[in-house]
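First comes the structure, then the notes that go with it.
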Amino acid sequence: MSTVTAVGADRDATRVPVRRLTVLYDADCSVCTFVRGWLARQPQLVPLELVPAASDEARRRFPGLDHRATLNDVTVVGDGGQVYRGTAAWIVTLWALREHRPLAHRLSTPTGAKLAKGAVLAAAKWRGAQWGGRAYARTDGWTYDPAPGCDDGTCATR
């Protein structure tokens, strides 16, 4: 599910311009670290800071976030307090990149959002396949377990 929320109640994060984005990525996931490297090499219109999710640095910067959830769903935090999750996080990250901003605008339409959501779900399924369809467990207790009963690709989505 895609969401945009504000970290601080004292700021109108939906109207504050975005001048910097922090992308929280799973440093223990090969797909995530590959994407992190790709993002770092892209020309950026809005600077991206790439910080491992649930790390000491992420906890220091964003004490109000559910850091366990940032390992489960890609999370991007804007310098104005905006928090983007899921599909919205991918779209805002593409929006920050010079060569991919037009694509981000297309993906932000109702039709484009369906395509973006499908791409995010495919990436999540591929990520889950890294562990042979078994649950991926971290030493901090976080677990990624592919949804049971979705093997035929007919899982209900929100």
Side-chain angles (χ1 to χ4, degrees), residues 1-110 112-128 130 136-145 157-158:
M1 178 174 197
S2 300
T3 58
V4 181
T5 56
V7 172
D10 61 332
R11 299 180 79 173
D12 184 4
T14 59
R15 297 182 186 205
V16 175
V18 176
R19 293 190 178 95
R20 178 172 300 282
L21 292 167
T22 302
V23 178
L24 301 174
Y25 69 96
D26 184 350
D28 292 332
C29 164
S30 63
V31 175
C32 305
T33 56
F34 174 83
V35 171
R36 181 229 176 268
W38 180 81
L39 288 171
R41 293 187 303 274
Q42 299 304 303
Q44 300 170 3
L45 294 171
V46 175
L48 296 176
E49 295 181 78
L50 305 158
V51 175
S55 65
D56 291 341
E57 178 66 13
R59 291 175 194 283
R60 183 189 65 74
R61 288 183 184 205
F62 312 112
L65 276 182
D66 176 355
H67 290 279
R68 185 176 164 127
T70 66
L71 288 166
N72 191 39
D73 205 4
V74 63
T75 304
V76 176
V77 182
D79 61 332
Q82 307 91 336
V83 178
Y84 306 88
R85 290 189 171 90
T87 306
W90 287 109
I91 292 172
V92 76
T93 301
L94 289 173
W95 173 83
L97 304 176
R98 184 178 70 210
E99 296 174 14
H100 299 284
R101 186 169 277 186
L103 174 61
H105 285 289
R106 288 192 300 276
L107 293 175
S108 68
T109 66
K114 290 177 185 177
L115 177 63
K117 184 175 184 175
V120 170
L121 290 173
K125 185 174 182 176
W126 191 80
R127 180 182 183 213
Q130 290 184 99
Y136 159 71
R138 293 172 50 113
T139 57
D140 63 4
W142 178 83
T143 302
Y144 170 77
D145 192 1
T157 58
R158 294 189 248 174

Note, Thr87 side chain near Leu107 side chain (heavy atom, < 4.5 Å): no

Least distance between heavy atoms, Thr33 atom then Asp26 atom: CG2-O, 4.0 Å

Those residues that, when tested against Arg106, pass side-chain hydrogen bond (donor to acceptor under 3.5 Å, both in side chains) (two or more places apart): none

Per-pair distances, 0.1 Å, donor-acceptor, side chain in residues 34-42, under 3.5 Å, sequence neighbours excluded:
residue, atom, partner, partner atom, Å
Arg36, NE, Tyr25, OH, 3.4
Arg41, NH1, Gly37, O, 3.1
Gln42, NE2, Trp38, O, 3.3

Pro47 to Arg20 - nearest heavy-atom pair and separation: CB-NH1, 3.4 Å

Which residues share a side chain to side chain contact (heavy atoms under 4.5 Å, CB included) with Ala104, sequence neighbours left out: Ile91, Leu94, Trp95

Pairwise side-chain contact, Phe62 with Thr70, heavy-atom cut-off 4.5 Å (strictly under): no

Closest heavy-atom pair and its distance - Gly78, Tyr84: N-CE1, 4.5 Å

Nearest non-hydrogen partners of Val83 and Arg85, listed with the distance: CG1-NH1, 3.6 Å

Heavy-atom pair of closest approach, residues Asp79 and Arg19: OD1-N, 3.0 Å

pair Val77-Leu21: side-chain heavy atoms closer than 4.5 Å: no

Evaluation steps, side-chain contact (heavy atoms from CB on, under 4.5 Å), between Leu48 and Leu97: CA-CA 9 Å; Leu48 296 176; Leu97 304 176; 3.8 Å; yes

Exercise: identify the closest heavy-atom pair between Val51 and Ser55: CG1-OG, 3.8 Å

Set of side chain to side chain contact (heavy atoms under 4.5 Å, CB included) partners for Pro43, sequence neighbours left out: Arg98, Glu99

side-chain hydrogen bond (donor to acceptor under 3.5 Å, both in side chains) against Arg60, all qualifying residues, sequence neighbours excluded: Glu57

Straight-line distance of Gln44 CD to His100 NE2, nearest 0.5 Å: 11.0 Å

